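Below is one structure, written out as structure tokens; comments come after it.
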Amino acid sequence: MALELNNVCELFNGDCIERLKTLESESVDLIITSPPYCMKKAYENPKDDIRTFKMHHEVIFDEIYRILKVGGSICWQIGYHVTDSSIIPLDYIIYDLFTSKSNQQSNPLILRNRIIWTFGHGLNSTMRFSGRHETILWFTKGNKYSFNLDEVRVPQKYPGKRHYKGENKGQLSGNPLGKNPSDVWEIPNVKANHIEKTIHPCQFPVAIPQRLIKALAPENGVVLDPFMGVGTTGVAAVLERKYFIGCEIQKEYFAVAEKRIKEAKEGIIKFRQDKPSMVPDKNMAVAKLPEEFALARRKKYEES
């Protein structure tokens, strides 16, 4: 099923390959997505495994490469394939596949950044360190591309810092618009009481695609998400006044995506602004160290 929302977006409920095959070559400026990890999540086939993950990307690659404009960008947000015995970093697989399959083209995919998205909360492990990051691989199609740094600058920690030597001694050393956010992004993930939380168990925050769209999409650009889930990339695209094309195979997620994108269009969507995380007030009860924790830590220290 295809749906168009007043020249704002096109939403497709079905296998993304079907929709991608109908798009014109070099018609999309920016592709942002987070694909299924094939780890037996509620929305995945329980028989899928790491081989399935590789196969799915082999199938989709030719189409996403074909529809991406020369100079356009692909941002593939990915984590780990986790089993009882080990973890597999999926970004290694994506990097190898995307570069090897495009390196004979006149405009191969070139990795510009390996962005680390880090967040403070998630499942706690007991037999390994708790996972608190995922990766965004940013590729461009060919050597020439645009990067709108001024659109995504963040406040400096010390904006009043000045040069201490040289010909600029005494002058302010930072950019007045802010600093480059770097390739490590600390953005809260969507859990529990997060304002953006929906029925999707692995939803990523609007701030991620919104930052990518600001930096990489041209004016009047077209943004595509082939695995849109509950429409987070679509929300970000509408907020940034870009045309959005989204595909989602699960009907219940598609319905949520449709609702959220309409709310974004109407200006009533609830989302967390892309700003530094709040520092807890040490006077708040939940920020104070409980006496039980203090006793346990003293005991552990004494035993060691």
Side-chain angles (χ1 to χ4, degrees), residues 15-17 20 31-65 68 73-104 108-141 182-191 200-205 207-209 212 224-230 232-233 247-250 253:
D15 190 326
C16 63
I17 290 293
L20 297 181
I31 300 172
I32 303 174
T33 200
S34 181
Y37 296 179
C38 298
M39 286 176 18
K40 301 176 176 59
K41 295 289 185 180
Y43 51 87
E44 296 176 331
N45 188 323
K47 295 181 180 179
D48 287 352
D49 56 16
I50 192 64
R51 290 171 295 183
T52 314
F53 178 86
K54 294 176 181 178
M55 181 192 69
H56 284 171
H57 283 79
E58 289 276 356
V59 171
I60 197 176
F61 177 82
D62 289 342
E63 291 302 324
I64 62 172
Y65 179 86
L68 184 67
S73 293
I74 295 177
C75 296
W76 221 255
Q77 190 258 308
I78 211 76
Y80 294 89
H81 182 92
V82 182
T83 67
D84 292 337
S85 58
S86 66
I87 64 172
I88 301 172
L90 297 176
D91 58 310
Y92 286 14
I93 294 172
I94 296 301
Y95 174 79
D96 183 63
L97 189 150
F98 281 18
T99 54
S100 64
K101 286 184 71 68
S102 69
N103 61 13
Q104 298 303 314
L109 293 186
I110 299 172
L111 185 67
R112 300 297 174 182
N113 269 123
R114 183 172 181 265
I115 301 165
I116 303 302
W117 167 37
T118 180
F119 39 86
H121 303 283
L123 294 175
N124 293 305
S125 299
T126 56
M127 296 303 292
R128 58 175 174 260
F129 295 112
S130 297
R132 291 295 181 268
H133 81 277
E134 293 202 342
T135 305
I136 304 163
L137 298 182
W138 167 32
F139 297 90
T140 62
K141 187 175 180 178
S182 87
D183 61 358
V184 178
W185 296 359
E186 185 174 359
I187 298 175
N189 56 345
V190 182
K191 296 290 184 184
H200 200 291
C202 299
Q203 181 182 341
F204 60 74
I208 288 178
L212 294 170
L224 166 75
D225 188 342
F227 305 101
M228 73 170 177
V230 289
T232 297
T233 303
C247 307
E248 175 53 44
I249 199 168
Q250 300 288 345
Y253 296 158

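If you're wondering where the values come from, they're calculated on a predicted model, not measured in any experiment.
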Applying ring pair (Phe, Tyr, Trp, His ring centres under 6.0 Å), name anything that partners His57, two or more places apart in sequence or on another chain. Phe53, Trp76
Could you check if a side-chain atom of Pro35 sits within less than 4.5 angstrom of a side-chain atom of Ile78, using non-hydrogen atoms only? yes
Keeping the roles fixed (side chain from [X], backbone from [Y]), state whether a donor-acceptor pair exists under 3.5 Å.
X      : Y      : answer
Glu186 : Thr118 : no
Asp49  : Arg51  : yes
Thr233 : Asp225 : no

For the student: nearest non-hydrogen atoms of [X] and [Y], plus distance:
X      : Y      : result
Pro226 : Cys16  : O-CB, 3.3 Å
Leu212 : Trp185 : CD2-CH2, 3.5 Å
Leu68  : Ser73  : CD1-O, 3.6 Å
Pro209 : Ile32  : O-CD1, 3.9 Å
Asn124 : Ser130 : CA-OG, 3.4 Å
Gln203 : Val190 : O-CB, 3.6 Å

Test side-chain contact (heavy atoms from CB on, under 4.5 Å) on Ile50 and Ile93; report intermediate values, then the result. CA-CA 10 Å; Ile50 192 64; Ile93 294 172; 3.7 Å; yes
For Thr135 and Ile116: C-alpha separation, side-chain torsions, deciding distance, then whether side-chain contact (heavy atoms from CB on, under 4.5 Å) applies. CA-CA 5 Å; Thr135 305; Ile116 303 302; 3.9 Å; yes
Does the pair Ile31 and Phe139 meet the rule for a side-chain contact (heavy atoms from CB on, under 4.5 Å), with working shown? CA-CA 10 Å; Ile31 300 172; Phe139 297 90; over 6 Å; no
Hey, could you give me the [atom1]/[atom2] distance between [X] and [Y], rounded to the nearest 0.5 Å?
X      : Y      : atom1 : atom2 : result
Asp183 : Arg114 : CG    : CZ    : 9.5 Å
Ile17  : Ile64  : CD1   : CD1   : 9.0 Å
Lys54  : Ile94  : NZ    : CD1   : 10.5 Å
Ile187 : Ile208 : CD1   : CD1   : 5.0 Å
Ile88  : Tyr80  : CD1   : OH    : 12.0 Å
Leu111 : Leu137 : CG    : CG    : 6.0 Å

Count the heavy atoms belonging to other residues, nucleotides or ligands that lie under 6.0 Å from CZ of Phe98, then report whether that count exceeds 12. yes
Take atom NE2 in His133; do more than 12 heavy atoms of anything else shown fall under 6.0 Å from it? yes
Which is it for Lys141 and Ile74 under the side-chain contact (heavy atoms from CB on, under 4.5 Å) test, yes or no, and what are the steps along the way? CA-CA 8 Å; Lys141 187 175 180 178; Ile74 295 177; over 6 Å; no
Test of understanding: with side chain to side chain contact (heavy atoms under 4.5 Å, CB included), list the residues that count as partners of Glu134, not counting sequence neighbours. Tyr37, Gln77, Trp117, Phe119
